[in-house]
Each structure stands twice: as C-alpha cells, then as structure tokens.
Amino acid sequence: MSLIAFASVKGSPGVTTTVLALASVWPTSQHLIVAELDPAGGDLATRFGQSFEPGVISLAAAARRTSGSSTVIEHCQQVLGGVDVLVSPASPDQVNAALRLLDDRRVWAELRSNDPIILADCGRLGDESTVAHLVQASTLLVLLVRPLLSELHHLHARLPALHTLAERMALVLVGNGPYSVSEVADTLSIEVLGSLPSDPDSAGILGGAPGSRRALARLPLLRATSALVEQLQTTTAPEDTKLPLAEEVDPAKPDRVLAGQAL
Ligand SMILES: Nc1ncnc2c1ncn2[C@@H]1O[C@H](COP(=O)(O)OP(=O)(O)OP(=O)(O)O)[C@@H](O)[C@H]1O
Ligand SMILES: [Mg+2]
C-alpha cells in the first residue's frame, strides 16, 4: 500500500496537525495509521494525555527481538476517537535510538509494501535525519510550507537535496500568505497538492483541546483536508488500483472524527 512521509524544512508549519487532520477524515474503508517519527521527539501522547507506550519504543524493542517486525498496529494507540497512532516519546535521544534500530532492521520498506496506509510525521527534515531512509522508502514525500517568501526561500534552497532523497515529492501550503498554489508550483517547479487554511479552532482540537466533534467536522481545516485526501489518493494510487475517492465512500459510514467518542 502506501507509506507517505510528511515533513517541513523550517519552522513549524503544521505537519503534526495536518497529518492528524488527514487521518481524521480519511475514509474508514481504508486502514490507516499515523506514525509519529519526528526525530525531534513526539507530541501526540502529551497532547492527548496518553502514555508513551505502546509506541515507537515498543515497536523498536519488538523489531530487535524478531527480525523486521512490522506489526505496527500492535504498538498503536487511538486518539480522536478512532485514529490509530504510533506515538513517540518527547525525548529526541529516545526517538532517534528507536528510529536507528528500525532503520537497521529495514522496517521502512516493509511498511511501504504492506497494509495499512502509513502517514509518517517526519518532523523537520534535516540533512542527516534519522528518517532519511524512511523518506527514501516512501511512496511520496509531502512537504508542508507556509506560502510566505521567507519560508519558500528556505524550501527552494533545500529542494535539490530533497529531490535526491525522495522518489516523489509534493507540497501542501498551510495558512495565509501572498502566494497562490499555482504561483508556488510554477516558481518552484514542484507539484502542489493544495492549500489548507489557517484555522486555530480546528488546530486546537487536533492538538488535544476539548471540542465538539460535530463542530470540528464542519470547520474549514477539516473541509479542506477532505479535498487533500482525494489528491493524495489520486497521487499515490497505482493506475490499475485506484483507491476510492472520499466522496465515493458509503455516506452511511461515518468518517473517523464522527465515528469517535473522544471529542
Ligand atoms: N491549519 C492551521 N491553522 C492554524 N493553526 C495551525 C494550523 N496547523 C497547525 N497550527 C498550529 O501551529 C502550531 C504548530 O503546529 P504543529 O505542531 O502541527 O506543527 P509541526 O510542523 O508539526 O511543528 P514541529 O516541527 O515543531 O513538530 C500549533 O500551535 C498548531 O495548533
Ligand atoms: Mg510536529
């Protein structure tokens, strides 16, 4: 299936928030996991008041015992009432040790070739990142950036190096800025999958703040994210096995946010 890596090159444009938003509206007909693999340390367990285990540490321990363990689902927790997440501890040292172990066990290639779909939050992508091999193994690297001159300049400077790393790359613009999707795509010669609005209310709920799930589903960020799901499905699906578009999913089935109890 698909291993899709999400990252930024500078700042905190909203990688973690966007990955969680995508998982919240992804059709429930497809099993999907959010893997928090940010070398700078995880946020989700803290944001949702959950334990660091099970998570990437217990997955790495399992991979040490059984070669190439990719039973990621056994090490997931649920947030937002139904989103499976592989959480990381806040400590960069612990996360990087686990990432190196998983790297040594060549778990990334397995993640790419097996179910479920993995949305990997790779954090800020530095030159010597411990997730470099994961990015290489991914079907697609999605870079998040604010459409601001300063951020786009940094991205432009990093693109040649990132092109050598990732098989395929695309951008998502987050928040307000003077540049449109087409301007950014034309100027940087890179596919732009879409743009997500600045929506502090949604971002707050996706960051663990209390909020009504009904309200979240109606908010601008989640609506725009649904369109992005369709773009990602189209972009990553092989021609002969097109995945169903979000709007083709049985409307009787609630989306992940609406299916949950926690919000
Ligand atoms: N679309 C959005 N609208 C408004 N605020 C947002 C949006 N996306 C993220 N934010 C806010 O921006 C801040 C950073 O978001 P987030 O943690 O998702 O970024 P990140 O890129 O993962 O950062 P880091 O690299 O530090 O992990 C948070 O306060 C979050 O609530
Ligand atoms: Mg993050």
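In what follows, residues are counted from 1 in the order of the sequence shown. Counting starts at 1 for both ligands and their atoms, following the listed order.
Looking from atom 27 (O) of ligand 1 to the surrounding protein, the closest heavy atom is Asp38 OD2, 3.6 Å. Of the protein's non-hydrogen atoms, the one nearest atom 6 (C) of ligand 1 is Ala203 CB, 3.4 Å. Remark: minimum distance from atom 3 (N) of ligand 1 to any protein heavy atom is reached at Asp199 N, 2.7 Å. What sits closest to atom 18 (O) of ligand 1 on the protein, heavy atoms only, is Thr17 OG1, 2.5 Å.
Contact annotation: for Glu36 versus ligand 1, there are no heavy atoms closer than 4.0 Å.
Electrostatic pairing of Glu167 and Arg112 counts as a salt bridge here, judged by a charged N lying under 4.0 Å from a carboxylate O.
Enclosure of atom NE2 in His163 by more than 12 non-hydrogen atoms of other residues, nucleotides or ligands within 6.0 angstrom is indicated.
With waters neither drawn nor counted, the protein N/O/S atoms under 2.8 Å from the Mg ion (ligand 2) amount to 1.
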> Checking side-chain contact (heavy atoms from CB on, under 4.5 Å) for the pair Phe48/Val85: CA distance, chi angles, key distance, verdict?
Replying inline: CA-CA 11 Å; Phe48 288 94; Val85 292; over 6 Å; no
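Using a 4.0 Å threshold on non-hydrogen atoms, atom 14 (C) of ligand 1 counts as touching the protein.
Between atom 24 (P) of ligand 1 and the options Ser12, Pro13, Gly41, Ala7, the minimum heavy-atom separation is to Ser12.
Close contacts of ligand 1 with Pro200, meaning ligand atoms under 4.0 Å from a residue heavy atom, involve 4 (C). Using a 4.0 Å cut-off to heavy atoms of Pro197, the atoms of ligand 1 that qualify are 1 (N), 2 (C), 3 (N). Heavy-atom contacts of Arg47 reach the following atoms of ligand 1: 17 (O) (cutoff under 4.0 Å). Of all atoms in ligand 1, numbered sequentially from 1 with element shown, those under 4.0 Å from a heavy atom of Val15 are 18 (O), 19 (O), 20 (P), 21 (O), 22 (O).
Side-chain polar atoms of Asn96 and Thr130 form a donor-acceptor pair below 3.5 angstrom.
Taken to the nearest 0.5 Å, the CG atom of Leu125 stands 8.0 Å off from the OG atom of Ser8.
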